[in-house]
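Data block below; observations after.
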Amino acid sequence: MFSIPRPSRRHLLVGGAVGALALAATAVLPSTNAMAATGCAVTYTTNSWQGGFTATVTVKNLGDPVNNWTLGFSFPDAGQRVVQGWSATWQQSGSAVTAQSMSYNGSLGTGASTTIGFNGSWTGANPAPTAFTLNGTACTGGTTPTTPPPTTAPPPTTPPPTTPPPTTPPPTGTTPVAINGQLRVCGVNLCNRYGRPIQLRGMSSHGLQWFANCYNDASLDALANDWQADLFRISMYVQEQGYETNPTGFTNQVNSLVDKAEARGLYALIDFHTLTPGDPMYNLDRAKTFFAAVSARNAAKNNVIYEITNEPNGVSWSTIRNYAEQVIPVIRANDPDAVVIVGTRGWSSLGVSEGGNSDEIVNNPVRADNIMYTFHFYAASHKDNYRNEVQRAASRLPLFVTEFGTVTYTGDGAVDAASSTAWLDLLDRLKISYANWTYSDASEGSAAFRPGTCAGGTYAGTSVLTESGNFMRNRIRTPDNFPTS
Ligand code: IDC
């Protein structure tokens, strides 16, 4: 399917809670450097490519409980740099690196662990650091390891294993997230970890409050494998019996779907689905609470994109912008490198449905980096004048079609195949990412599955699909050809 170089992946386990763990790790990964320690154990894993890498660092506290902590290590090569970190405050001076805990992950009980990470760059070579400290205490046992160093022969009573114990296989490297990694906005495009523009194609859930039974392992397997999608939009309505009625329950439901997407290498678009009332300020406090929770919980993942308001309507662009400038910092405090998408005026029509156009955004953009703007359309209702505005705006603003339908704006009616094709051809040409409304079995023309499909539990193949579902599966299944260098 994809031809890509397998990312080089190195594992290093430094320190172990007990000698047996250290020995087991040594047996599994002969090149690792494992020594016992009393204070802490650190796992440092990188995904590296020419000139860059992503490091995932798990810190386990083996000493007394701490309320805040600083991890320290030195890069072995002078050309290694931390570029942007997450889940900690990262600093580098010469080759010395420190990562200071955040408010939400500072407390680490005895035996507790937390995962932090960073994107880095390298020039000469990219070896893993070999020594770590936690609040100044060495995690390695230093020069007096309490278990024999790896070169010491095991005692004769302990024969070396004849076959290595099972290990967690590295990612195969063929899923959308494995290939593209952490995304970021570059110019007007969404770019992958190689800094190259990509287009993500996928499906939106329906309201989680109504169609929870459509989102499970089988349906997400079908989306990833049968549909070959890149993206799953998680539509969490705020009103209409949504988030406002049970913040904790809906937050947990969203997080669990983020995990299911991650397990399949899909990007997860977290949609704070405001609709009525149309003023996002009505939900400002809820948005801050919700996004603080999901961004802290998912900060270390590289598959999450945040959509902070679905379809503002009946409000000015300056109100939407004000909302965005209050919600984005809440996300950035926890997850500084994630892409954030901002809804636009007139049901995310760039203002067109309320008599405006994208100039109001270009002239008064949201003051934040790494953001995109939402455009939505329903193909049977929105045609050439909308397409012309998207084409005009696309050279000036990073756009993301987080929702569209093949039918009318009611979500129902017949598929307009001609207009849908014109739209998707345009989005493909401009490399604008999209999610189709909906991956559900709602009794309406926009739903991909026939009514009753979710109760039946079979999602793959075409026999369960509506006309819209069939149209979308055919569009989404074509190869992505993501750039790999
Ligand atoms: C529609 C659903 C429909 C539901 C209605 C109200 O398809 O079943 O009764 O919402 O909650 C949007 C919205 C999206 C709408 C969709 C179709 O983002 O929530 O879903 N639509 O009307 N904007 C334009 C169209």
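Order of appearance sets the numbers: ligands from 1, and atoms from 1 within every ligand. Basis for what follows: all heavy atoms, side chains included, without hydrogens, waters or symmetry-related copies.
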With nothing but distance in play, are any N or O atoms of S446 less than 3.5 Å from an N or O of ligand 1? no
Short N-O contact, D226 and R473, less than 4.0 angstrom: yes
of all protein heavy atoms, closest to atom 7 (O) of ligand 1 is E444 OE2, 2.7 Å
Does only the side chain of T438 get under 4.0 Å from ligand 1, or the backbone, or both, or neither? Count heavy atoms. neither
Ligand 1 atoms nearer than 4.0 angstrom to some heavy atom of H273 are 13 (C), 14 (C), 18 (O), 19 (O)
Going by the angle between their ring planes, with limits at 30° and 60°, are F404 and F377 parallel, tilted or perpendicular? parallel
Within the 4.0 Å heavy-atom shell around H206, which atoms of ligand 1 are there? 2 (C), 3 (C), 7 (O), 8 (O)
Proximity of T410 to ligand 1 by residue part, where a heavy atom lies under 4.0 Å: backbone
If you have a sec, work out which protein heavy atom is nearest atom 22 (O) of ligand 1 and how many Å separate them, to one decimal? Y409 O, 2.8 Å
May I ask whether W347 places a heavy atom under 4.0 Å from ligand 1? no
Do S348 and E311 meet the criterion of a side-chain donor-acceptor pair at a distance under 3.5 Å? no
Going by distance alone, is a donor N or O of one side chain under 3.5 Å from an acceptor N or O of the other, for S235 and D271? yes
Any nitrogen or oxygen of W210, main chain or side chain, under 3.5 Å from a nitrogen or oxygen of ligand 1? no
Report yes if the side chains of Y434 and I476 come closer than 4.5 Å at any heavy-atom pair, otherwise no. yes
Identity and distance of the protein heavy atom lying nearest atom 16 (C) of ligand 1: Y378 OH, 3.3 Å
Among protein heavy atoms, which lies nearest atom 20 (O) of ligand 1, and at what distance? W437 CZ2, 3.1 Å
With a 6.0 Å cut-off on the ring centroids, do F291 and F272 count as close? yes
For atom 1 (C) of ligand 1, closest protein heavy-atom neighbour: Y237 OH, 3.8 Å
With C454 as partner, the option from F211, Y459, Y439 fulfilling side-chain contact (heavy atoms from CB on, under 4.5 Å) is Y459
How far is atom 6 (C) of ligand 1 from its nearest protein heavy atom, and which residue and atom name does that atom have? E240 OE1, 3.5 Å
From the list I371, I328, D335, side-chain contact (heavy atoms from CB on, under 4.5 Å) partner of Y306 resolves to D335
Protein contact to atom 13 (C) of ligand 1 [nearest heavy atom, distance to 0.1 Å]: E403 OE2, 3.2 Å
Would you check if the distance from the ring center of W210 to the ring center of Y237 is below 6.0 Å? yes
N/O donor-acceptor pair under 3.5 Å between E354 side chain and G314 backbone: yes
For Y378 together with W347, are the ring centres under 6.0 Å from each other? no
Per-atom contacts, ligand 1 versus N310 - under 4.0 Å to a heavy atom: 18 (O)
Check for me whether H376 has a heavy atom closer than 4.0 Å to any atom of ligand 1. no
As a test of the contact definition, would atom 9 (O) of ligand 1 count as having a protein heavy-atom neighbour under 4.0 Å? no
